[in-house]
Amino acid sequence: MNASGAPRGCPVAHHGAELTRLYGPEAATDPAGIYERLRKEHGSVAPVLLEGEVPAWLVLGYRDARRVLDNPRQFSRDARIWRDWLDGRVEESSPLIPMLGWRPDCVSQDGEPHRRLRAAVTDGLRAAAGRGIRRHATHYANKQIDAFADAGRADLVGDYAEYLPMLVLSRVLGLPEAEGRDLVESCAQVLKGGEDAVTHDARIQEILGRLVVRKRSEPGGDLATALLEHHAGLDEDEIVSHLRLVLIAAHTTTSNLLARVLQLVLTDTSRLSGLISGELNISAVVEEVMWDSPPLAVLPGRFAASDLELGGHRIQEGDLLVLGLAAGNQDPEIRPDTGVSVQGNQAHLAFSSGPHECPGQNIGQAVIEIAVDVLLHRLPGLRLAVPPEELSSTASTWESRLDRLPVEFGG
């Protein structure tokens, strides 16, 4: 039984109950309120609807999330067993497909196919990181700041956080800077969902497909070349899919995390002065944001490999589960008092967990550390240009992004 006394079961009908949507106007403005209400009504796992009225289970509990993430035999990443897709209830044109559909990449597979493909990505990222992530981040941080340094004011979301990670990633992947800037909007649209998500996803794949063709004849010190030359023998579809995966996942999460870190620093003068003086390490601030505002609030998706029970609910084979990373990090069972410092505690869910844990987290961390450091030292007197309570966010199913971060500096 759930908290309201109704019997638990399949999310498709849930015994006639009105299911909560993880998209739409309420979800865009108050996702945390939705998670809290669902936890009270259903416990650590709740039935929800995704775009197109597609049913899913939202995992809200920390321990249940770890069970799902750490057990790929029970909870597969392979969308080819997703019952609603097999039954034709999810069209190829659905905005869920770019986030949940099967692809020939390591995220869509488990076991040996996953290990083979992930090894290629991990090796490629390690080689790319060794060629100067911090140098690229420093160069592009200064270049972005140059564009607004003389104005005395800026929006650190639109002028800085939204572009810096993509520019660094362009160098990592082997893309020209102009194409990288052009892809920022497409990545945002894929995460946002809606009718344009599939079109933008196709555009990303087209650009990356051209990159792979180019790198066959003009190899370089980049991830595209590394994947082409890797001993795992990836075919062209696998290479394009992995470049897409790195591009979308790394850019959207790093840009979101950077904006949230800057928000926290600029709304707390003690943190700001501590960073400027060197008494506070930026990694401690990043860790705090990982717990309280993870860049991916909901992680897509896992599929039940058999009938089982989770959080007191009967999960059926082929059911879709999405992981509430933000909700899990706030689970009162593991954080009864969210005011207690989490410094030094890296057990958050922000990078996922288990075999599919994010392989590029060190790259994102390096970009953020450089981005904050360069910004604080380039712009003396940096301060918020509006009261903190005027800062707003807009959420999609998968993330909540800061709309603007207006600042003033100098003088």
Side-chain angles (χ1 to χ4, degrees), residues 50-51 77 79 94-109 117-118 120-122 124-125 128 133 161-177 179-212 222-224 227 234 237-259 294-301 322-323 325 350-352 356-361 363-365 367-368 395-401:
L50 306 183
E51 278 190 89
R77 189 57 184 86
S94 165
L96 297 178
I97 291 297
M99 298 299 292
L100 290 164
W102 187 89
R103 296 174 188 281
D105 61 29
C106 59
V107 167
S108 293
Q109 300 175 72
L117 295 170
R118 186 180 168 98
V121 175
T122 303
L125 287 174
I133 290 293
E162 285 294 324
Y163 284 94
L164 178 55
M166 180 62 82
L167 294 172
V168 177
L169 281 166
S170 297
R171 290 294 294 266
V172 171
L173 268 65
L175 283 166
E177 180 182 325
E179 281 190 342
R181 289 186 183 276
D182 205 29
L183 283 169
V184 168
E185 175 65 15
S186 289
C187 284
Q189 290 297 329
V190 169
L191 268 287
K192 186 178 178 182
E195 57 187 22
D196 294 331
V198 172
T199 302
H200 281 279
D201 192 50
R203 185 166 170 270
I204 291 169
Q205 292 179 73
E206 182 186 337
I207 289 172
L208 294 175
R210 292 200 301 265
L211 170 66
V212 172
D222 48 65
L223 181 60
L227 292 178
L234 276 64
D237 285 345
E238 290 173 334
I239 294 169
V240 170
S241 286
H242 283 98
L243 293 174
R244 170 197 174 275
L245 173 66
V246 171
L247 184 82
I248 295 175
H251 167 67
T252 53
T253 56
T254 307
S255 63
N256 196 356
L257 185 57
L258 174 55
L296 207 59
V298 176
L299 178 71
V322 293
L323 288 300
L325 306 185
F351 290 129
S352 181
H356 290 279
E357 183 174 344
C358 172
Q361 53 192 268
I363 291 176
Q365 195 112 348
V367 170
I368 288 168
S396 67
T397 299
W398 314 110
E399 60 174 3
S400 177
R401 297 187 81 87

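Sequence positions, counted from 1, serve as the residue numbers for this chain.
Asp222 places no side-chain N or O within 3.5 Å of a backbone atom of Arg171 that could act as its donor or acceptor partner. In this structure, Glu51 contributes its side chain and Leu96 its backbone to no donor-acceptor pair below 3.5 Å. The backbone N or O of Pro295 sits nowhere less than 3.5 Å from a side-chain atom of Thr253 that would complete a donor-acceptor pair. Not one N or O on the side chain of His200 forms a donor-acceptor pair closer than 3.5 Å with the backbone of Leu183. Remark: side-chain polar atoms of His242 are paired, donor with acceptor, to backbone N or O of Cys106 under 3.5 angstrom.
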Checking side chain to side chain contact (heavy atoms under 4.5 Å, CB included) for the pair Leu175/Ile207: CA distance, chi angles, key distance, verdict?
-> CA-CA 9 Å; Leu175 283 166; Ile207 289 172; 3.9 Å; yes
Hey, mind stepping through Leu173 and Leu208 against side chain to side chain contact (heavy atoms under 4.5 Å, CB included) and telling me if it holds?
-> CA-CA 9 Å; Leu173 268 65; Leu208 294 175; 4.1 Å; yes
Check against side chain to side chain contact (heavy atoms under 4.5 Å, CB included), Ile239 and Leu243 | CA-CA 6 Å; Ile239 294 169; Leu243 293 174; 4.1 Å; yes
Side chain to side chain contact (heavy atoms under 4.5 Å, CB included) between Arg181 and Leu167, intermediate numbers included | CA-CA 7 Å; Arg181 289 186 183 276; Leu167 294 172; 3.5 Å; yes
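Nearest heavy-atom pair across Leu169 and Leu247 is CD1-O, 4.0 Å. Of all non-hydrogen atoms in Ile204 and Ser186, the two that sit nearest each other are CG1-CB, 3.7 Å. Across Pro165 and Val367, no two heavy atoms sit closer than the pair CA-CG1, 4.4 Å. The two atoms that bring Ser396 and Leu191 nearest to each other are OG-O, 3.2 Å, heavy atoms only. Summarising the geometry of Ala120 relative to Leu234, their closest heavy-atom pair is CB-CD1, 3.7 Å, with the distance given to 0.1 Å.
Side-chain atoms of Leu227 and Leu223, non-hydrogen and from C-beta on, do get closer than 4.5 Å to each other.
With sequence neighbours left out, Ser255 forms a side chain to side chain donor-acceptor pair (under 3.5 Å) with Arg401. For Arg118, there are no side chain to side chain donor-acceptor pair (under 3.5 Å) partners at least two apart in sequence or on another chain. Evaluation of the side chain to side chain donor-acceptor pair (under 3.5 Å) rule for Glu238 yields Arg116 as partners, not counting sequence neighbours. Gln189 is linked by a side chain to side chain donor-acceptor pair (under 3.5 Å) to Glu185, counting only residues two or more places apart in sequence or in another chain. Residues satisfying the salt bridge (charged side-chain N to carboxylate O under 4.0 Å, His left out) criterion with Arg210, sequence neighbours excluded, are Glu179, Glu206.
Sorted by first and then second residue, the pairs that involve residues 94-108 and meet side-chain hydrogen bond (donor to acceptor under 3.5 Å, both in side chains), not counting sequence neighbours, are Arg103-Asp201, Asp105-Ser108.
More than 12 heavy atoms of other residues, nucleotides or ligands lie within 6.0 Å of CZ in Phe351, so this atom counts as buried by the packing criterion.
Atoms CD1 and CD1, on Ile133 and Ile363 in that order, are 4.5 Å from each other to the nearest 0.5 Å.
A salt bridge between Arg203 and Asp182 is present, with a side-chain N of the basic residue lying under 4.0 Å from a carboxylate O of the acidic one.
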